[in-house]
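Remarks on the structure that follows.
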Amino acid sequence: MHHKNLYTSFLSTKHVNLFRLKYTKLYSNHVKDSQDVIKDENKNKYTGTVILPQTKFTLRLNGKKRVDKDKYLLEKCGFLDLYRWQRKNLVGPDFVLHDGPPYANGDPHMGHAINKILKDITLRSKVIKGQRVHYVPGWDCHGLPIELKAIENFNIKDKTADPLEIRRKAREYAKNAIKKQREVFASWGVMADWEESGCYFTNQVSYIKNQLQQFINLYEKGLIFRDFKPVHWSPVSRTALAEAELVYNEQHESKCAIIRLQVCNLPKKLETFNNKTVYALTWTTTPWTLVANQALAFCSNSKYSLTEDVYGNLYIIAEPLVKDIELKIGHLKPVTTIDGNELIGATYLHPITKTNQPFLAGEHVTMKLGTGLVHTAPAHGPEDFLLALEHNIPIVSVVDGSGQYTEAAGPEFFGLKVLSEGTEKVLQHINRDVLLVETLKHSYPYDWRAKEPIIIRASQQWFIDINSIKETALESLDNIQLFPINNRTSFLNALSAQVTKRPYWCISRQRSWGTPIPVLYFKDTEKIFTNREWVNRICELIEKHTVDCWWKFSVEELVGEEILNKFNLDKNNLKKGEDILDIWFDSGISWSMVLPEKKADLYLEGQDQFAGWFQSSLLTSIALQGCSPYRALFVHGFAVDENASKMSKSQGNVIHPDDITKGGTNSKEKIYGVDTLRWWVGSHACQHTQVFVTEETLQESKESVQRIRAVLRFLLGTLHPRMESVTEPKFLHLDKNMLYRLYHYNKQIQNFYESYQYHNVCKLVKNFIKNDVSSMYCHFNKDKLYCDAITSPYRVATIEVIDATLNVILRSISPIVPHLAEEVWLHYTENLEYIPLHQTKYTIPDTWNQSETVEYVEAALRLRSKVNKLATKNTWELIATITSTKQDYKLLSILQEEKQSAVSELCDILQVSQVILIEDDTLTETQVHLNPIEKQLCKRCRRHPEILGAQICERCANILDTKASITVCQ
């Protein structure tokens, strides 16, 4: 029946007669069985005559049965083949979703579940409506997180270890992590080609070759350069870090100090104080950088005050900040004021070496905090560095890669860690000039993996020039859609801010596990050699020997005799670069390798990727092809515990997805199954920045899936036995209204899927199934389904509507809970050739969209509310007298043509034994009066009054006496 067109069921006379001949005997046996049941006085006489729902689809699946069923469905229902099937059988244009590669380290966590399941919901919602999708899952295989894991797990002493040994262990670790993650992702029903050939990995040869080609493309465009600049540096990891590799500790405590610096060349206006000692006051949150001090920055547009303390010391302080400093060091008496630009030409003594240092005007100096005179260490601050460049001041760097002072800092500081004993030593050394030491709690950047504070440190690094592409990048954002739509402005601002604030992007890292930056250095000059011809040769070597050849081969082997001669290179004067590329560059150019047209319809990741993959992908794409690599961004939140704390092993609040789907090691832990996990993601992960993982939200998700399951089971049961009726269906207004509701339910569902409002899909599914399907249509038609003759044209129509309802609902929920949908589909297609649900088509005809039924049914439903409020007993034992307004009468009389009826649609909706419908033009509101019937209800249907002297009603008596001809397909 599920293949018939509703409202039209055309069967030839010959066909009908064949069905009648074939199945008359079957129906006769059904009636005979019913009559046999009547003879059994120990049972309800008529139980066997009622057509109750029958299905093998179980109401509940708990514990291990749930786990076993999930595994069975995964294998039975084509989950692992669906991606390849749709690539072969569906037509384009493709919907392209580009997978942001997760790190190949650690077990799958709730963040993975949120991300992968949201992507899968997106893809399945396209496939179920017949659109082909392109999705290649990937893994970020390089970088510090994996290298540190390899060092930790294999007890490598990484300071002295051979890079090839580190790389071998890191590769092995990443491979094992990928294997485990891939198995778990697939177990969640995520649709993809999970074979290795169907995925991408940032450490595979083809990927690295492409990456090197993109590097040289950028180099030739003049967008990649090497320079000595201050960068975020992790002393623990001993490498430069990108902004995306930082986390900010809001509770970090810094030791701050107010320092006095003796002025030696006073401004002209203050020359009258030459016979006195005058100090400039500065405030710093990084006292350790005083060793590298090279200037004091001031604001040329501000006033500066010469003040005197109670001991007669004279201090220069920005006038707007004098009161703040007084609160910390005591009363200060104003002596005179000067303009900021009058400080030009003044000098002071270095706090440690006592050499002369300049006052310099700096645009970054504000009057919000401190003294208005900013201690400037160009090697340890971006603004400081730019100020030094502006004035051609050579940069002094006295801190090494481990965060320790070098010999250049002086013997008293050499070897000290700057963030701990170095800070104490500096303050101790200049103790007489330290006016105040305080502790400041503030936000401070930490190495995201080491969980330790970083420093700003100048070093030779490779950079991408963002300034030259920034304008184009920002303009491209105007054409990008952002979801959820209500967060568009904040998301756009977040992405714009990340791009705007970056003048350059440090893409070099001082580690071993990654893609080498393909450059050579001349030993005598430190100048660079690289070009496309040589990079092409490197790619050929990598194809033959893997990327490890960069570390294995000598310079001569890497360069080759032909290139040495062509470019007149001295192999003895060349050395290999030791830096690798930033992993954000690794993954940021994935669009150029994975996407067929170099552009995706959608990137879908967490909100942290504004500083990460969203940005690195945008910048590389703008630089290389002049446009964004994505048309839309869908941004989801983070998994947090019940206290809104981010889940982490250190806090002990981690919940693993496997513990949700399969139960943990603790036998008392609940087994929720895959569908609960997916429903939880669909319900909670789209619209919130914090996605709470709690027993309450999981239990609510489980109950939602169970309620849907129960209704689907009822629908399945009403379709048993599977039949092709010889009776032409007669659709009543309630049937047509249900089809109308189905039509618009489907439209709304599709709109929600198109706009990635999966939480609204879940809400609509729950409400529709509970109210429209269960409480309304199924409830109002139970009598018809259970007690009408199988061949009743009205029952046949109801069955067709239920069949349609089941088909539409299954397709609406299948992107979110595919296991449940396919399990139902297995039972729906029982004894037919099985084809997985996602491989089938179902077209909703426009003939369902009959809005005229809405007014009739809604008018009746308003009356039903009144009946329910007035009724004090079973409503089937009541007669309803409806005294109606003219307008209501016009509507209600369509549902009941006669003045008095016991079988009208109005009776079905009001669930009463009989309705007397009266029009009264004088009324402004329709009135309902209820009276009890005088007879007992039928023992079979429990709806109509029994015939005088009998136990059943006239309708049931006729059914039991009739041998109808039907077709029963079992």
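Numbers here simply count residues along the sequence, with the first being 1.
- Under 4.0 Å is where a charged nitrogen must lie from a carboxylate oxygen, and between E412 and K425 no such pair does.
- The backbone N or O of C141 sits less than 3.5 Å from a side-chain atom of W513, completing a donor-acceptor pair.
- For the side chain to side chain contact (heavy atoms under 4.5 Å, CB included) test, residues two or more places apart in sequence or in another chain that qualify with D465 are F225, N467, S468.
- In this structure, K646 satisfies the cation-pi test against F638, with its NZ or CZ atom closer than 6.0 Å to the six-membered ring centre and inside 45 degrees of the ring normal.
- Taking 4.0 Å as the cut-off between side-chain N and carboxylate O, D433 and K354 count as a salt-bridged pair.
- Heavy-atom minimum distance, F414 versus T406: CD1-C, 3.3 Å.
- Scanning both residues, I456 and G381, for their nearest heavy atoms gives CG2-N, 3.6 Å.
- Under 4.0 Å is where a charged nitrogen must lie from a carboxylate oxygen, and between R509 and D579 no such pair does.
- With salt bridges taken as basic N to acidic carboxylate O contacts below 4.0 Å, none links E342 and K303.
- Between K255 and E424 a salt bridge is recorded (basic side-chain N to carboxylate O distance below 4.0 Å).
- Looking at residues two or more places apart in sequence or on another chain, you find a side chain to side chain contact (heavy atoms under 4.5 Å, CB included) between P320 and S302, A318, M367.
- Under a cutoff of 6.0 Å and an axis angle of 45°, K229 and Y504 form a cation-pi pair.
- Using a cutoff of 4.0 Å between basic side-chain nitrogens and carboxylate oxygens, D548 and R171 are scored as salt-bridged.
- Heavy atoms of other residues, nucleotides or ligands lying less than 6.0 angstrom from CD of Q460 number more than 12.
- Within the 4.5 Å cutoff, the side chain of L416 has no heavy atoms near those of the Q404 side chain.
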